[in-house]
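Throughout, a chain's letter reflects where its sequence line sits, starting with A, and its residues are numbered from 1. Hydrogens, waters and symmetry mates are skipped; everything else that's a heavy atom, side chains included, is used.
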2 protein chains.
Amino acid sequence: MSEAHRTTYRHGELRETLVAVGVEMARNGGTDAVVLREATRRAGVSPNAAYRHFADRQELLLAVSAVAQGIAADRMVAAIAEFEPTGDAATDARNSLRGVGTGYLAFARDEPGLFRAAFSVPDDLANAHSSAKAGADGRTPFQILGDVLDQLCEAGVLPADRRVGAELLAWSSVHGLGMLLIDGPLRGFTPEMAEVTAQRLLDMVQRGL
Amino acid sequence: MSEAHRTTYRHGELRETLVAVGVEMARNGGTDAVVLREATRRAGVSPNAAYRHFADRQELLLAVSAVAQGIAADRMVAAIAEFEPTGDAATDARNSLRGVGTGYLAFARDEPGLFRAAFSVPDDLANAHSSAKAGADGRTPFQILGDVLDQLCEAGVLPADRRVGAELLAWSSVHGLGMLLIDGPLRGFTPEMAEVTAQRLLDMVQRGL
DNA sequence: ATGTCATTGTGGACAGTGTACACATGCTCA
DNA sequence: TGAGCATGTGTACACTGTCCACAATGACAT
C-alpha cells in the first residue's frame, strides 16, 4: 500500500497503488477525503506522477468508486446467503430481495465512506455492468439486484409487466434510506432504530413493487 | 446581493448577504461550490469577515441548506396545489401524497445544486422542524410530508399502526430516486424517463406504505 | 461630552490543494 | 547501440480554509 521509498525509478504498480490508497482514504471521510496529493505521498511518489494514470482527480475518484461498488456487491451476496433455502421458490426469492436490501444498508452503515464513494460519484447507468465494479463473483450490485428481481418474477411473485425498470424503484428506496442515515437528517439514529426502519422499508418495497 | 464596494465600514447585513450568495453558488454546483472566500468577495468584504458570523464553512453550509429546504418546501406545496379537490377525502389525500413526491422530485430535477445543498448536508432529524428550514407557509418539508400522511390516515387510507415513522419510508424512496437521478447512475436519464420512473416509484410507495 | 468596551471588519500569513509545463529517467524494440 | 515512448520529477501558480494581531465603529455608562 504505502511504500514510502522505493529503489527503482519506475514504481511498477502506481495505478493500482493509488486506487488502493484512495479506497483507504474514502473509507474514512468519503469522497472528499480522497486527496490526490496525499495519495501520491503515501505511494512514495511525486504529486504529478498521478497524472500519468489519471486525467484528473475525478478520474481517480471513478476508479475508487468502482472498487467500492465491488465491495458493496460482496456485502450483498453475503447477506443473501444468510437466508437458508426453504424449497419454496417464492419465499426464497423474497428472502433474496430482502438480503439485497439488507446487505446494501449494512454496507452503508458499516462503511459510510465507501458507500458514498460507491454510489454518489457521477457515472452513467450505461456503465453499471462494467466489470471493474464487480464483486468477487463477477456481478455488479446492479446485476445482483436484477438477478433477484428475475428470480422474483419467475417465482410468480412479481408480475411480469412490472419487471422492467423495477431495479430503479427498489434501488431508489434503499439508496435513499442509506443516504439519509449517513449524510442526512437520520444520521444519529441508533443502529436499532436504523434496523427497524430498514426492515419496514423493505416490507414496503416488497408490498409495493 | 453583490455590492462590490460599500461606503460604511460596517456592512450591516453581512450574514444575510453571505447566505444569499451561498445559495446562489449552491444553485449551480451544489455544496462543493459554496466557497467561503468567493462568497466574501461577492459581498465586497474581506475573507475573514465571514468568521464573525459563522464559526467555519460548515456553519455557512448549514444556513444555506436551511434556505434550500425552504425553497423545496415551496415546491412541494405548489405541487400539492396542482391537484383540484375531488370531494373524496381518500382521493384527495392520495393526490396530496403524490404531490409531495412530485414536488420533491421536480425540485431535484430543476435545482439539483440546491437539492443537494438542502438534503445532503449533515443535520439531525431533531432540527427538522427548525423554522429556518420552512417555506413560505411556515412548514418544513418534513412537516408537509407529515401533514399529508396524517391526512392519509384520517381518510382511512393508511392504517393507523403504520403511521408512525411512515415519513421515513416515503422520504427515503423519493430521496433515493432524486439522488440517483442527479448524482448517481441515473444521471443522463431524459426528463421523460425520469418522470415515468418517478410516477412508478410513487405508485409503489402508495401501494406499499 | 467623554471614555470604555464589545462587535465587526481588515491585513498578513500558513499549510494545503489540484493542476500545468518543462525536464529527467529508463524500458523496449529496431 | 540507439531512438522513442512511457513514466516519474521539479518548479510554479492560483486557489482554498483558517489563525492571529490589529483597526474602525457604534452603544452605553459616567
Taking CD in Q58(B) as the centre, count heavy atoms belonging to other residues, nucleotides or ligands within less than 6.0 Å. Is the count above 12? yes

Checking R162(A) now: which residues fulfil salt bridge (charged side-chain N to carboxylate O under 4.0 Å, His left out) with it, not counting sequence neighbours? none

To the nearest angstrom, the CG-P distance between L14(B) and dT25(D) comes to 16 Å

Please confirm whether the shortest side-chain N or O distance from H53(A) to OP1 or OP2 of dA6(D) is below 4.0 Å. no

Does the distance from a Lys or Arg side-chain N to an Asp or Glu carboxylate O, for R139(B) and D74(B), drop under 4.0 Å? no

Whole-Å distance, L60(A) CG to dT17(C) P, equals 14 Å

Whole-Å gap separating P (dT17(C)) and CZ (F54(A)): 17 Å

Under 4.0 Å protein heavy-atom contacts per nucleotide of nucleotides 15-24 of chain D, with B for base, S for backbone only and - for none: -SBBBBB-BB

Can you list everything that forms a salt bridge (charged side-chain N to carboxylate O under 4.0 Å, His left out) with D161(B)? Sequence neighbours excluded, please. none

Just by modelled atom types, is the D56(B) backbone N or O under 3.5 Å from a matching donor or acceptor in the E59(B) side chain? no

Grab the NE2-C1' distance between H11(B) and dG9(C) for me, whole Å please. 11 Å

Spacing of CG belonging to L149(A) relative to CZ belonging to R163(A), to within rounding of 0.5 Å: 4.5 Å

